[in-house]
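Every heavy atom of this structure was used, including side-chain atoms; hydrogens, water molecules and symmetry mates were not.
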Amino acid sequence: MSKTIELKKKVLSENDALAAELRATLGEKGIFSLNFVSSPGSGKTSLLERTLRELKDELNITLVAGDVQTENDANRLIAAGGEQVKPLVTGGSCHLDARMIHRLLPEINLDNTDLFIVENVGNLVCPSGYDLGEDMKVVLISVTEGDDKPLKYPSMFRRSSVMVINKIDMLELCDFSMERVRENALRINGDLKIFETSCRTGEGLEEWYAWLKEQVKQKKA
Amino acid sequence: MHELSIAQSILEIVLREAEKQKPARVVAVGLKIGALSGIYADSLEFGFDAIKKGTPLEECRLEIEEVAIRGQCHQCGHVFDVRELLFACPLCASGSIELKHGQELDIAYIEVDD
Ligand SMILES: Nc1nc2c(ncn2[C@@H]2O[C@H](COP(=O)(O)OP(=O)(O)OP(=O)(O)O)[C@@H](O)[C@H]2O)c(=O)[nH]1
Ligand SMILES: [Mg+2]
Ligand SMILES: [Zn+2]
């Protein structure tokens with residue numbers, strides 16, 4: 001005789017519970033938090049380096065630099081003036097999960113943090129289902145990757161609140177249409193906030209900084 | 001790669017459940033996987049079959065139900081199936097949509113045999 005027993009349990013329920021705990025901890029302290037995701041090399045670290053250089057006198061920024069193998073990104077962020085930068089080497093895992101962030105928490109001075117940013121592993125698939133307790137996911141796409149990325153990776157674009165189109169200094173070199181990428185992204189997620197940036201020339205970064213400062217202010221209020 | 005870590009999570013949850021059901025054996029696990037979960041059913045089954053070997057779930061199979069994407073319009077409240085990745089309200093064309101289904105990654109049930 002066989003019988004069916006209802007379970008109704010989320011596979012990632014353990015991760016979700018830890019993420020909820022992280023969100024509550026950060027929320028209580030009024031810390032705004034972001035989870036940066038993209039394909040490898042879209043410019044996550046570059047955007048964070050520029051952001052640190054520009055805003056470090058105004059905001060206390062804590063960064064967790066996820067990487068599969070090296071601490072290179074963390075070292076770049078420290079060189080850019082990051083005072084609280086934690087490398088998180090996954091040793092092969094293709095995504096970060098809430099437990100990894102949770103484990104780092106005792107080493108982080110949250111009382112001295114206005115903005116908490118996690119740079120996820122470069123991967124547009126695997127990190128999408130793992131809540132890290134962030135307020136928003138920021139998905140980067142660079143113009144060399146093709147303007148149909150949102151349609152190829154809908155899960156990630158759907159779960160993100162912000163899209164940064166980076167490397168716009170290279171637009172002439174690529175068959176990349178700004179109009180099409182916006183159309184494709186908004187088709188998946190009509191609520192996406194979109195920025196166009198170049199971490200090389202600095203174009204478009206003023207809007208990004210202004211938005212970031214506004215979010216931090218609102219979270220503190 | 002990612003499916004393997006999901007398979008591992010499923011195995012752990014079901015092993016805990018199987019302990020409670022003893023001496024009955026878990027022969028199947030029912031999963032609900034949303035079309036927008038980022039998980040491919042075939043890779044998940046492949047991963048699960050690989051890691052269940054040598055565990056009490058060696059004979060256990062996955063029964064996977066794929067869940068279609070369903071949204072509700074923030075503007076007019078209309079509930080609809082999202083087709084061809086067009087996340088817009090078919091009534092009022094608003095692109096501000098709340099997802100009701102499609103991101104599931106759930107263990108719906110287990111089947112036990114005694
Ligand atoms: N031309 C140009 N190059 C850029 C821009 N942003 C980043 N790059 C270059 O792109 C390469 C990858 O940038 P990273 O910032 O390391 O990218 P990432 O997303 O952090 O990469 P992973 O962490 O490996 O996933 C580097 O050589 C950067 O100098 C940009 O706006 N324009
Ligand atoms: Mg990087
Ligand atoms: Zn509507």
More than 12 heavy atoms of other groups within 6.0 Å of [X] [atom1]:
X      : atom1 : result
B:E59  : CD    : no
A:E14  : CD    : no
A:E214 : CD    : yes
B:K32  : NZ    : no
A:E6   : CD    : no
A:Q218 : CD    : yes
A:R23  : CZ    : yes

Minimum heavy-atom separation for [X] to [Y], with atom names?
X      : Y      : value
A:L151 : B:L85  : O-CD1, 3.7 Å
B:I6   : A:Y130 : CD1-OH, 3.4 Å
A:S128 : B:S37  : OG-O, 4.4 Å
A:D191 : B:I97  : OD2-N, 4.2 Å

* To do: Would you confirm whether A:S155, through its side chain, and B:L36, through its main-chain N or O, come within 3.5 Å as a donor-acceptor pair?
  => yes
* Calculate, to the nearest 0.5 Å, the distance between atoms NZ and CD1 belonging to B:K20 and A:I5 respectively. => 10.0 Å
* Asked: CD of B:Q103 to CZ of A:R158: how many Å apart, nearest 0.5 Å?
  -> 7.0 Å
* **pair A:K10-B:L105: side-chain heavy atoms closer than 4.5 Å** => no
* Asked: Are any non-hydrogen side-chain atoms of B:V112 and A:K3 less than 4.5 angstrom apart?
  -> yes
* Region of B:E84 that comes under 4.5 Å of a non-hydrogen atom in chain A -> both
* Asked: Given that the side chain runs from C-beta out, which part of B:E104 has a heavy atom under 4.5 Å from chain A: side chain, backbone, both or neither?
  -> neither
* Go through the atoms of A:R187 and report whether side chain, backbone, both or neither lie under 4.5 Å from a heavy atom of chain B. => both
* Structure fact -> Counting heavy-atom pairs under 4.5 angstrom with chain B, the leader among A:G190, A:S2, A:P127, A:P150 is A:S2
* B:G38, B:A24, B:S9, B:S96: which one forms the most heavy-atom pairs within less than 4.5 Å of chain A? -> B:S96
* **Most contacts with chain A, counted as non-hydrogen pairs under 4.5 angstrom, among B:D106, B:V82, B:I69, B:V26** => B:D106
